[in-house]
Amino acid sequence: MSARKGTSPYASMLGLALRPSRKTRYTVLDLFSGCGGLSLGFEAAGFGSHGIDCDENCVRTYGANLSGKCSNLVIGGRTDFPDADVIIGGPPCQPFSVRGKQGGNTDKRNGFPAFVAAIRKIRPRAWVLENVQGVMYKNHAYFEGTMRKLAKLGYGVSVNVINCVDYGVPQNRVRVIAMGIEGNNAPKEPEKAPMRVSAGEAIGDLVRKTPKNPKFLTASMDRYVAAYEKASKCVRPRDLHMDRPARTLTCRNLAGATSDMHRIKLRDKRRRRLTVREAARLQSFPDWFEFYGSELDKFYQIGNAVPPLFALVIAKQVRKALAENQSVDCEHP
């Protein structure tokens with residue numbers, strides 16, 4: 001688990017900051033865990049983890065990189081869950097994404113009921129739920145109703161719209177983070193990092209090297225991209241600009257050859273698509289973290305993940321809230 005020599009200071013920092021801690025005080029159950037981005041941050045903060053996901057490649061990636069185990073299961077209302085101090089997870093976002101139909105609770109992929117069912121069964125000391133900002137739009141009433149259900153179970157609940165770029169992730173990624181802890185005191189929004197990290201600081205060392213089997217855009221693709229940007233009135237081309245954080249990484253703009261794809265414009269004016277490792281860095285995965293499956297599988301794992309560095313910030317906030325709760329319990333037996 002050592003970072004490669006000659007990497008950027010940012011990559012070296014990730015390699016050290018996100019190592020799973022050898023000392024664990026609490027346990028987390030990660031529902032819809034994907035490849036383990038959320039669990040990785042919690043393990044680095046001193047939590048033991050157990051993930052659950054239905055994708056075999058995600059389960060394999062999780063098992064190869066994290067200290068905890070990952071079960072290959074389809075999560076439902078009747079799933080038997082292991083005990084845990086904290087439940088975390090990012091239910092599938094498709095029912096709420098603005099790029100979809102926003103079917104919400106009518107979409108069969110909606111994982112919110114299973115998340116609530118797990119909390120009812122286990123009654124953890126705290127929980128964290130991550131999802132797209134779309135939960136606050138068409139389906140805001142359903143989302144707010146879900147938060148009220150969790151509050152009635154005895155949790156202080158906080159909901160924050162957070163941009164991961166404010167916490168050291170070199171990417172503009174706006175997400176809704178809901179947190180609950182036993183009692184009336186809701187967890188607070190974590191303090192922002194003093195500086196933002198640019199794409200160049202994160203992957204400049206990788207961009208300067210020629211990757212194996214680079215995928216360059218063809219002349220026809222360049223024309224298509226230019227037409228798209230003109231029609232959408234882009235002030236600045238949507239290439240990856242090294243002097244600023246990246247756009248949001250998604251499964252679609254990483255894996256698909258679309259007009260909105262992430263691409264790098266080289267000095268010789270050619271454009272190429274991101275490599276898996278470049279995408280992983282921008283999502284704040286350390287270089288020692290290996291993904292399994294096809295290239296398409298790997299891009300989907302990265303695009304769906306919670307940035308581990310941001311997960312670490314949230315994990316520290318939860319750990320702090322748990323410690324404060326424990327001290328209150330000691331003062332009031």
At their closest point, which heavy atom of [X] faces which heavy atom of [Y], and how far apart are they?
X	Y	answer
Asp53	Cys70	N-SG, 4.2 Å
Val306	Phe310	CG1-CD2, 4.2 Å
Phe32	Gly90	CB-O, 3.6 Å
Thr24	Phe47	CG2-C, 3.8 Å
Phe81	Ala114	CZ-O, 4.4 Å
Pro245	Val197	CG-O, 3.6 Å

Treating Ile, Leu, Val, Met, Phe, Trp and Tyr as nodes and any side-chain heavy-atom pair under 4.5 angstrom as an edge, say whether [X] and [Y] lie in one connected cluster.
X	Y	answer
Val59	Ile75	no
Tyr300	Met261	no
Val165	Ile162	no
Leu153	Ile87	yes
Tyr224	Ile264	no

Using modelled atom types only, decide if a donor and an acceptor are shared between the side chain of [X] and the backbone of [Y] within a distance under 3.5 Å.
X	Y	answer
Asn163	Arg173	yes
Glu43	Ser67	yes
Thr61	Tyr292	yes
Asp239	His241	no
Asn72	Cys54	yes
Thr27	Asp85	yes
Thr248	Asn172	yes

Roughly how far apart are [X] [atom1] and [Y] [atom2], rounded to 0.5 Å?
X	Y	atom1	atom2	value
Leu249	Ile302	CG	CD1	8.0 Å
Tyr10	Arg281	OH	CZ	9.5 Å
Lys188	Gln317	NZ	CD	8.5 Å
Ile314	Arg319	CD1	CZ	13.0 Å
Ser33	Ile52	OG	CD1	8.0 Å
Leu240	Arg273	CG	CZ	14.0 Å

- Task: Determine, stepwise, if the pair Ile119 / Tyr155 fulfils side-chain contact (heavy atoms from CB on, under 4.5 Å).
- Result: CA-CA 10 Å; Ile119 292 174; Tyr155 295 96; 3.7 Å; yes

- Between Leu254 and the options Leu296, Leu282, Leu274, Val276, the side-chain contact (heavy atoms from CB on, under 4.5 Å) test singles out Leu274

Would you say [X] has more than 12 foreign heavy atoms packed within less than 6.0 Å of its [atom1]?
X	atom1	answer
Lys121	NZ	yes
Arg22	CZ	no
Glu144	CD	yes
Asp243	CG	yes

Would you say that [X] contacts [Y] through its side chain, given a criterion of any heavy-atom pair below 4.5 Å between the two side chains?
X	Y	value
Glu130	Met179	no
Leu322	Val86	yes
Leu266	Arg271	no
Leu31	Thr79	no
Phe143	Asn131	no
Glu324	Ile181	no
Ser198	Arg244	no
Pro124	Leu29	no

Basic-acidic side-chain contact under 4.0 Å: [X], [Y]:
X	Y	result
Arg263	Glu229	yes
Arg272	Glu278	yes
Arg60	Asp297	no

- Step by step, work out the side-chain contact (heavy atoms from CB on, under 4.5 Å) result for Leu14 and Ser284. CA-CA 7 Å; Leu14 292 179; Ser284 77; 4.1 Å; yes

What pairs of donor and acceptor atoms, side-chain ones from residues 211-218 against any protein atom, are under 3.5 angstrom apart with sequence neighbours left out?
{"unit_1": "Lys215", "atom_1": "NZ", "unit_2": "Glu295", "atom_2": "OE1", "d": "2.5"}
{"unit_1": "Thr218", "atom_1": "OG1", "unit_2": "Ser220", "atom_2": "OG", "d": "3.0"}
{"unit_1": "Thr218", "atom_1": "OG1", "unit_2": "Met221", "atom_2": "N", "d": "3.2"}

- Decide side-chain contact (heavy atoms from CB on, under 4.5 Å) for Val174 and Val161; before the verdict, give the C-alpha distance in whole Å, the side-chain angles of both, and the deciding distance to 0.1 Å. CA-CA 7 Å; Val174 178; Val161 179; 3.5 Å; yes

- Message: Regarding Tyr62 and Ser39, do their side chains bring together a donor and an acceptor under 3.5 Å, going by distance alone?
- Response: yes

- Message: Using side-chain contact (heavy atoms from CB on, under 4.5 Å), reason through Asn65 and Leu40 one step at a time and then give a plain yes or no.
- Response: CA-CA 8 Å; Asn65 293 281; Leu40 183 59; 6.0 Å; no

- Anything under 30° is parallel, anything over 60° is perpendicular, the rest tilted; go ahead and classify Phe285 against Phe291. perpendicular

